[in-house]
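Remember, it's a predicted structure, so these values are computed and weren't measured experimentally.
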Amino acid sequence: MLKISASFSRKWLQTFKENLISSMSAVVFFFLDFLDVVFCVFFRLVDEFLEGKRSQCYCSVKKEEEKTVIDGENELSESLYERRNVFREMGFLGNCSRKKEWRKVNENVRWSDCGCKSCVSWMSNEAELKLYVVVKEPVKAISQDFKGKKAENIVFLHGFLSSSSFWTETVFPNLSEDAKQKYRLFAVDLLGFGKSPKPNNCLYTLKDHIEMIETSVIHPFQLNSFHLVAHSMGCVVALSLAAKYPNSVKSITLIAPPYFCSRKEDASLIALNRLAERRLWPPLLFGSSFMSWYEHLGRCVCYIICKNHRMWEGILKSLTWNRNMHFMAIDLTRHTHHSAWHTMHNVICGGAKFMDKYLETLSIAKVKINVTQGSRDQVVPLECSTNIKMKVPDAMVKIIANADHTSVVRGREKDLCNDLEKLWGSIKKRECEDMHIRNENST
């Protein structure tokens with residue numbers, strides 16, 4: 001009897017807690033809806049005063065207009081236009097026309113973006129924009145290795161609000177000496193993040209990201225074959241890149257990949273609602289929803305934090321008595337609102353409608369897919385890894401107990417490196433065996 005009573009009490013408390021959070025969330029997000037409308041008007045006026053033209057946003061754009069933005073297949077995410085806002089739906093914003101004018105946005109630094117030397121260094125050579133890439137060459141490599149034949153190439157892609165440091169500070173130092181002699185490592189700062197270019201005349205679609213990786217890594221280093229390792233948002237970019245080069249990609253390791261099984265027409269909105277649900281709790285989810293649903297409030301946050309990152313870094317160094325800040329704290333501010341906002345929607349959400357096609361292409365090409373995720377991941381639902389296994393039965397899925405979205409890499413670097421080296425080694429061994437069989441058959 002006592003057990004039944006205790007069970008009933010727990011269920012009642014859980015129901016009460018959920019109802020309380022839902023009610024408070026509804027009130028808070030109603031207020032944020034209103035506040036975003038207010039700042040939409042504010043930024044329009046201030047941008048016109050300081051830059052000579054009104055800011056362009058996605059607050060009141062008819063869905064039919066999005067098809068005119070990019071030729072061919074529409075790559076813009078429906079989540080840019082169909083984010084619900086009570087006041088926007090009531091017509092309070094009037095006409096915030098965007099249409100094709102994004103491609104004509106002033107390429108100079110905006111008043112709300114940081115203009116320090118490190119943030120605008122890429123603008124010194126705008127004629128040939130390339131991503132910032134860290135290249136770790138094989139320790140005992142010979143010259144022909146770099147012509148694309150002998151050295152094994154590994155390309156690492158980071159997640160949202162991160163940079164190449166995520167890999168150079170974790171995986172690179174922890175690879176075995178044998179691996180350091182066999183592999184050539186590439187860690188990329190994706191377009192709009194880290195030390196890479198952050199142009200304002202770009203929509204940061206998957207196509208934009210892939211073209212920049214091709215221009216900065218694939219073509220100049222003549223990567224005829226390579227392995228891919230990606231974390232979180234980088235998994236979407238990695239799948240897109242792999243699907244474009246299915247005969248060149250030897251393996252793809254996806255760590256905490258955001259993949260939802262859904263109908264193509266609503267995939268973007270499903271991804272937005274699952275990854276950034278409008279809830280106050282847990283705090284991490286509230287932060288994601290705040291920055292993903294509110295274009296203008298997000299710009300305010302970037303103005304306060306990103307534009308003044310040098311001040312905040314100085315304060316943190318003074319408080320912690322540490323001259324060397326953690327790389328993750330530095331990476332968090334190395335973007336503009338324009339680059340982060342569009343990448344969030346056009347890659348993470350917009351990429352959701354292409355994921356099935358990418359996985360089907362890789363499955364047909366028999367590309368080895370390995371998936372790793374932490375059991376306590378509060379950013380990407382655990383079901384995402386299961387979804388990939390359902391879509392590609394041959395994919396290997398490994399769930400790391402008690403690891404979250406970041407600690408699935410940080411804190412277990414040695415284990416991750418061992419897993420990666422085993423994967424790369426097994427593929428190399430299989431290739432050697434296949435070649436041996438072919439040689440025997442030819443003789």
Side-chain angles (χ1 to χ4, degrees), residues 108-124 131-136 156-175 185 187-200 231-234 255-256 282-288 290-292 294 297-341 343-344 374 376 378-379 403-414 416-417:
N108 296 323
V109 179
R110 306 199 71 181
W111 66 271
S112 55
D113 294 335
C114 181
C116 74
K117 184 177 180 180
S118 62
C119 289
V120 300
S121 58
W122 60 271
M123 297 182 69
S124 60
L131 301 178
Y132 175 80
V133 183
V134 177
V135 184
K136 186 72 173 178
F156 293 83
L157 303 177
H158 62 78
F160 192 58
L161 303 187
S162 187
S163 77
S164 55
S165 298
F166 186 79
W167 301 112
T168 59
E169 297 289 333
T170 57
V171 171
F172 282 26
N174 288 287
L175 288 169
L185 312 175
V188 180
D189 279 5
L190 292 173
L191 183 65
F193 299 96
K195 297 180 181 179
S196 284
K198 306 167 184 65
N200 282 321
H231 176 247
S232 193
M233 178 200 77
I255 303 174
L284 189 62
L285 181 60
F286 173 68
S288 298
F290 184 95
M291 297 300 293
S292 302
Y294 299 109
L297 295 181
R299 186 176 173 187
C300 290
V301 172
C302 288
Y303 176 75
I304 295 171
I305 297 178
C306 298
K307 181 178 175 65
N308 301 291
H309 67 86
R310 289 172 295 174
M311 178 187 73
W312 296 116
E313 289 169 7
I315 292 174
L316 284 175
K317 288 178 181 178
S318 299
L319 293 176
T320 59
W321 297 85
N322 187 358
R323 292 185 177 182
N324 298 317
M325 284 189 62
H326 195 278
F327 70 89
M328 292 185 70
I330 295 175
D331 290 344
L332 195 62
T333 63
R334 292 299 195 269
H335 63 272
T336 65
H337 175 256
H338 183 82
S339 67
W341 173 260
T343 298
M344 169 65 196
R376 294 187 176 182
Q378 292 187 327
V379 177
D404 59 28
H405 193 66
T406 304
S407 63
V408 71
V409 175
R410 294 191 62 245
R412 56 178 303 272
E413 293 89 349
K414 285 289 186 182
L416 176 61
C417 287

Would [X] and [Y] count as having a side-chain donor-acceptor pair, cut-off 3.5 Å?
X	Y	result
R334	H309	yes
R299	S112	yes
D113	T336	no

Practice problem: If the plane angle is over 60° it's perpendicular, under 30° parallel, otherwise tilted; pick one for F193 and H158. | Solution: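 Perpendicular.
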Self-check item: L161 side, atom CG; S232 side, atom OG - distance, nearest 0.5 Å
Solution: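 Separation between the atoms: 9.5 Å.
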Quiz item: Could you give the distance from OG1 (T170) to CE (M328), rounded to the nearest 0.5 Å?
Solution: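 It comes to 9.5 Å.
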Strictly distance-based, threshold 3.5 Å: is any side-chain N or O of [X] a donor or acceptor partner for the main-chain N or O of [Y]?
X	Y	value
H338	N200	yes
N308	M311	no
S339	H335	no

Quiz item: Where do G194 and K198 come nearest, in terms of heavy atoms and distance?
Solution: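 Result for this residue pair: O-NZ, 2.7 Å.
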Self-check item: Closest heavy-atom pair and its distance - P197, L191
Solution: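 Heavy atoms of P197 and L191 come nearest at O-CD1, 3.5 Å.
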Quiz item: Run the side-chain contact (heavy atoms from CB on, under 4.5 Å) check on V135 and L185 step by step: do they pass?
Solution: CA-CA 6 Å; V135 184; L185 312 175; over 6 Å; no
Quiz item: Under the ring pair (Phe, Tyr, Trp, His ring centres under 6.0 Å) criterion, do Y132 and W122 qualify, and how do the steps go?
Solution: CA-CA 9 Å; Y132 175 80; W122 60 271; over 10 Å; no
Self-check item: S163 and its side-chain contact (heavy atoms from CB on, under 4.5 Å) partner, picked from D331, I330, V188, L332
Solution: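 The side-chain contact (heavy atoms from CB on, under 4.5 Å) with S163 is passed solely by D331 among D331, I330, V188, L332.
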Quiz item: What do the steps show when you test S318 against I315 for side-chain contact (heavy atoms from CB on, under 4.5 Å), and what is the final call?
Solution: CA-CA 5 Å; S318 299; I315 292 174; 5.8 Å; no
Quiz item: When you look at R310 and C116, which way does the side-chain contact (heavy atoms from CB on, under 4.5 Å) test go after all the steps?
Solution: CA-CA 9 Å; R310 289 172 295 174; C116 74; 3.4 Å; yes
